[in-house]
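To find a chain, count down the sequence lines: A is the first, B the second, and so on, and within it residues start at 1.
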Amino acid sequence: MKTEIILSGVGGQGLVSTGEILGQAASIFEHDLYATMAAAYGSETRGTFTKSDVIISDQPIGCPNIDKANIILCLAQVAYDRYVDTLEDDTVVIYDTDSVVKKEGAKGKHIGYPFRSMAIELGNIQTANSIALGVMIKQCGVLHADTCKQAVAARFAGKDKVIELNDKAIDFGMSLE
Amino acid sequence: MAKVIKKFIEGNDACVDGAIAAGARFYAGYPISPSSEIAEGAAREMPKHGGIYIQMEDELSSMNALLGASLAGKKSFTATSGPGFTLMQENLGLGIMSEIPCVLYVVMRSGPATGAATKPAQADIMQARWGTHGDHNIIALSPSSVQDCYDLSLTAFNLAEKYRTPVLFLSDEVIGHLRETCREREFAPEEIFNRVQPAPGTTQEEFRPYDFSGTMPAPMPAVGDRNLLMRTTGSTHDEKGEFGPGPANINKVTHYLTDKIDKNVDDITIVREYKMEDAEVAIISFGCSARSSMSAVDILREKGVKAGLLQLVTIWPMPEKQIREVLQKVSKVVVAEMNLGQLAKEIRSFNDYGCKVLQANRTDGVLITPQQIIDALEEK
Amino acid sequence: MKSYKDYMLFNKLPHTWCAGCGDGIILQSIAAVMAEMEIDKHDIALASGIGCFGRVDDYLDINCMHVTHGRALPAATGIALGNPNLTVLCTMGDGDGATIGGNHLIHAARRNINVTAIIANNYNYGQTGGQYSATTPTHSITSTSPYGHVEHNFDLCKLAEAAGATFVARATTYNPVQMRKLIRQGIENKGFSLIECMAACPTHYGRYNKQGDAAAMLKRYNELTVPVEKAKNMTPEELEGKLVTGVLVNNPRPDYYTMYKKIIDEQSAAYEAAQA
């Protein structure tokens with residue numbers, strides 16, 4: 001059982017943090033799961049394309065770079081454009097309809113929501129990634145919402161309000177059809 | 001049952017945790033990409049454990065500060081990458097000649113010179129082996145996972161202490177920045193090797209800081225020992241540590257320093273075999289390339305090819321015996337590495353068996369892919 | 001009562017230095033100060049590099065670490081931080097201390113590492129035939145400046161002062177009594193001390209620059225010496241080419257280890273509390 005997730009967007013969207021929560025949930029709070037995250041490193045800065053490859057598996061993981069992803073999260077058009085022509089029929093594309101326009105006739109299972117608008121409605125724009133996280137948890141099948149919440153709680157230890165908001169966002173993401 | 005903490009961290013951070021768990025209490029270094037997280041981690045963590053972090057003015061001084069602190073009894077380490085490693089070479093030699101233990105984490109990047117400073121490479125294999133001048137020998141380990149960064153840190157410090165020599169920890173940008181599941185196990189006291197001390201009651205008259213008679217180093221009291229004065233030097237010296245540049249002594253010291261590692265090769269070398277039992281073709285690799293090699297083996301096996309992987313965890317001394325066994329056993333070997341064939345040349349030097357030795361090389365700063373390794377193997 | 005002899009290895013004599021070299025006077029001064037202070041030799045460590053004066057450790061019966069050219073100060077830094085209870089000396093020539101290792105000098109001074117650096121300044125690389133160093137005066141003849149030296153030379157004491165050394169002093173081999181006093185004060189300063197010891201090299205620098213034999217060079221030191229107290233009332237023009245001796249800087253502040261130890265105490269206590 002192996003799930004390969006690409007988190008893509010532009011610098012400053014918190015993709016590394018989202019990847020870390022996935023990785024921490026799998027590595028620390030799930031039983032006997034392995035995770036890797038290969039994040040872009042170098043001169044990438046705020047506003048330019050960036051991505052992280054996250055692999056979660058019940059077996060030791062070989063190459064940490066993803067060739068064919070099961071799930072691709074796209075939070076920016078530049079990121080979506082990069083992947084749209086590589087999609088296969090069973091690739092799940094989760095995208096932010098506030099900033100990404102779906103290509104007509106594109107392959108893959110497209111799941112789009114206005115994550116940023118939803119986050120504002122939920123009380124804090126910074127929870128947009130947690131809503132997307134909820135959607136990803138549901139799609140990937142290897143992780144549980146509980147363990148992701150534990151990872152969030154560990155990450156924001158002492159900041160109860162932040163934890164509560166993110167938990168709410170994860171639940172909200174999970175509830176989306 | 002030893003305490004285990006599960007983490008999801010970068011390889012560079014696991015190096016710091018592993019070094020501290022292995023007993024390191026002194027860090028001197030000069031930050032350089034892609035190793036800087038080790039410096040930052042040491043600055044953050046060392047004082048919590050009573051240790052010291054000092055950022056020196058360059059890598060020359062870092063190496064000497066390491067050796068000085070180690071001589072004063074502290075297990076010491078530094079971290080660097082290509083250009084900084086080059087600057088350390090002079091005094092890496094000092095550590096070898098003076099026989100002072102320490103560990104150098106070298107997170108390899110694309111070169112030469114500034115190169116592509118943030119991109120991975122594995123092109124310092126020969127710099128590690130021959131970077132410092134003169135006949136000498138070196139121990140170098142290469143991690144292929146974040147778990148290795150933690151676990152092999154203990155191995156690195158233990159080998160340094162046991163053989164009284166600097167040990168290289170040849171990581172790379174991929175492993176250094178890879179975040180991964182890591183189980184940090186508290187090391188039991190009996191697993192941690194501390195440098196041998198002189199027998200109680202040894203007098204200054206009897207004491208020798210060096211012993212060239214066998215293949216193991218002399219006991220090493222710290223500077224500040226209550227009973228014995230310590231003397232080390234980078235000049236060719238006699239067993240009292242005094243200047244000794246006579247022809248016979250130069251020859252003796254040269255042979256001793258190389259034999260110390262060559263004759264203990266079985267104790268030092270670590271390899272891992274993956275699906276080698278029934279392998280008909282093999283990949284030989286190390287570090288980040290071993291990860292892609294492992295995936296390549298899985299893909300090949302799915303296709304019905306009996307492939308296996310020999311991973312060199314110890315790069316130096318080269319695990320000649322294990323490499324020869326593979327060359328003898330299989331018909332084809334691919335050496336997968338992110339350089340233009342530094343390891344492949346070494347492997348070929350052992351090929352007395354007519355095995356076809358092929359290369360999968362990558363030098364564009366992108367992790368070598370499993371497909372590229374498979375393509376190299378399937379080449380006619 | 002201890003003697004300087006208690007700190008020396010007499011079996012290693014005669015020493016390697018040329019007749020008339022000033023380095024032996026500095027060696028004896030160092031040994032005499034250790035005796036005067038009655039320091040247990042197990043509590044002293046000395047780091048030295050390469051050059052005539054780098055060989056000083058050959059003759060001292062204390063903990064010694066002989067390193068590469070220019071790197072004695074970083075090695076001394078490591079020893080001093082590795083075991084802060086030690087008295088750490090660092091012996092260098094003008095090659096080690098001012099030229100190839102000049103960068104380490106300013107940084108050790110700036111950090112206020114608890115090390116006493118003793119630099120024997122003979123204006124040239126004596127051990128290898130008299131090439132010029134960073135302290136060689138302009139117009140001097142050396143084996144690598146046969147037509148006269150075109151570079152400006154460092155004033156090591158001013159350099160160390162500007163870099164933040166907490167104790168800086170200069171002595172010449174003409175006055176070993178003063179030299180001993182200054183080395184002792186340097187050791188007693190908890191922080192970075194520099195003692196510049198002017199040591200004649202009659203074999204190379206003296207010969208190339210026609211300064212006469214060892215005795216003539218010593219006399220010359222005496223003629224050029226201006227005690228710091230007297231120098232205070234002299235103009236820069238009057239001090240041109242002179243050797244100002246005595247304590248030039250005595251401005252203590254907490255050393256690196258003292259500062260860092262506070263962080264260790266705070267952080268280790270917080271860490272232990274979090275673990276409990």
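With a 6.0 Å radius and a threshold of 12 heavy atoms from other residues, nucleotides or ligands, Tyr30(B) has its OH atom at or below the threshold. The environment of CE in Met259(C) is sparse: at most 12 heavy-atom neighbours from other residues, nucleotides or ligands sit within 6.0 Å. Within 6.0 Å of NZ on Lys262(C) lie no more than 12 heavy atoms contributed by other residues, nucleotides or ligands. Counting heavy atoms of neighbouring residues, nucleotides and ligands inside a 6.0 Å radius, atom CZ of Phe154(C) does not exceed 12 of them.
His49(B) is not listed as a side-chain neighbour of Ser268(C), based on a closest heavy-atom distance of 4.5 Å or more. Ser61(B) places none of its side-chain heavy atoms less than 4.5 Å from the side chain of His107(C).
In this structure, the separation between CG on Leu81(C) and OH on Tyr53(B) is 13.0 Å, given to the nearest 0.5 Å. Distance check, rounded to the nearest 0.5 Å: CD of Glu57(B) to CZ of Arg110(C) gives 7.5 Å. If you take CD on Gln267(C) and CD on Glu45(B), they are separated by 9.5 Å, rounding to the nearest 0.5 Å. How far OH of Tyr256(C) is from CD1 of Ile52(B): 7.0 Å, rounded to the nearest 0.5 Å. The structure places CG of Leu229(B) at 8.5 Å from CD1 of Ile62(C), a figure rounded to the nearest 0.5 Å. The CE atom of Met65(C) sits 13.0 Å away from the CZ atom of Arg231(B) when rounded to the nearest 0.5 Å.
Looking at Lys12(C), the atoms closer than 4.5 Å to chain B (heavy atoms on both sides) all sit in the side chain, from C-beta outward. Looking at Asp40(C), the atoms closer than 4.5 Å to chain B (heavy atoms on both sides) all sit in the side chain, from C-beta outward. The parts of Ile54(B) that come within reach of chain C are both its backbone and its side chain, each placing non-hydrogen atoms under 4.5 angstrom from that chain. For chain B, the nearby part of Thr77(C) is the side chain; its heavy atoms alone come within less than 4.5 Å. Heavy-atom distances place no part of Ile100(C) under 4.5 Å from chain B, backbone and side chain included. Residue contact with chain C, scored on non-hydrogen atoms closer than 4.5 Å, involves the side chain of Leu71(B) exclusively. Residue contact with chain C, scored on non-hydrogen atoms closer than 4.5 Å, involves the side chain of Asn91(B) exclusively. Only the backbone of Asn227(B) comes within contact range of chain C, with heavy atoms under 4.5 Å apart.
Closest of all the heavy-atom pairs between Pro74(C) and Asn64(B) is CB-CB, 3.7 Å. Contact record, Lys74(B) with Gly82(C): NZ-O, 2.9 Å, taken as the closest heavy-atom pair. Considering all non-hydrogen atoms of both residues, Ile79(C) and Ala72(B) come closest at O-CB, 3.9 Å. Of all heavy-atom pairs spanning Phe26(B) and Gly78(C), the tightest one is CZ-CA, 4.3 Å.
With salt bridges taken as basic N to acidic carboxylate O contacts below 4.0 Å, none links Glu272(C) and Lys48(B).
Here the side chain of Asn63(C) pairs no donor or acceptor atom with the backbone of Val223(B) at under 3.5 angstrom.
Interface check for chain B: of the options Asp61(C), Leu73(C), Ile50(C), Ile44(C), the most heavy-atom pairs under 4.5 Å are formed by Asp61(C). Chain B forms more heavy-atom pairs under 4.5 Å with one residue of Asp43(C), Asp265(C), Leu46(C), Leu9(C) than with any other, namely Asp43(C). Among Glu242(B), Met46(B), Met230(B), Met97(B), the residue making the largest number of heavy-atom pairs under 4.5 Å with chain C is Met230(B). Chosen from Lys41(C), Lys261(C), His66(C), the residue pairing most often with chain B at heavy-atom distances under 4.5 Å is His66(C). Chosen from Arg226(B), Arg25(B), Met56(B), the residue pairing most often with chain C at heavy-atom distances under 4.5 Å is Arg226(B). Ranked by heavy-atom pairs shorter than 4.5 Å toward chain B, the options Val67(C), Thr68(C), Asn83(C) are led by Thr68(C).
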Practice problem: Decide yes or no on side-chain contact (heavy atoms from CB on, under 4.5 Å) for Arg111(C) and Gln55(B), but give the supporting numbers first. | Solution: CA-CA 11 Å; Arg111(C) 293 187 184 110; Gln55(B) 194 163 302; 5.9 Å; no
Quiz item: Would Arg71(C) and Leu60(B) satisfy side-chain contact (heavy atoms from CB on, under 4.5 Å), going step by step from the backbone distance to the final call?
Solution: CA-CA 7 Å; Arg71(C) 317 299 164 212; Leu60(B) 298 155; 3.8 Å; yes
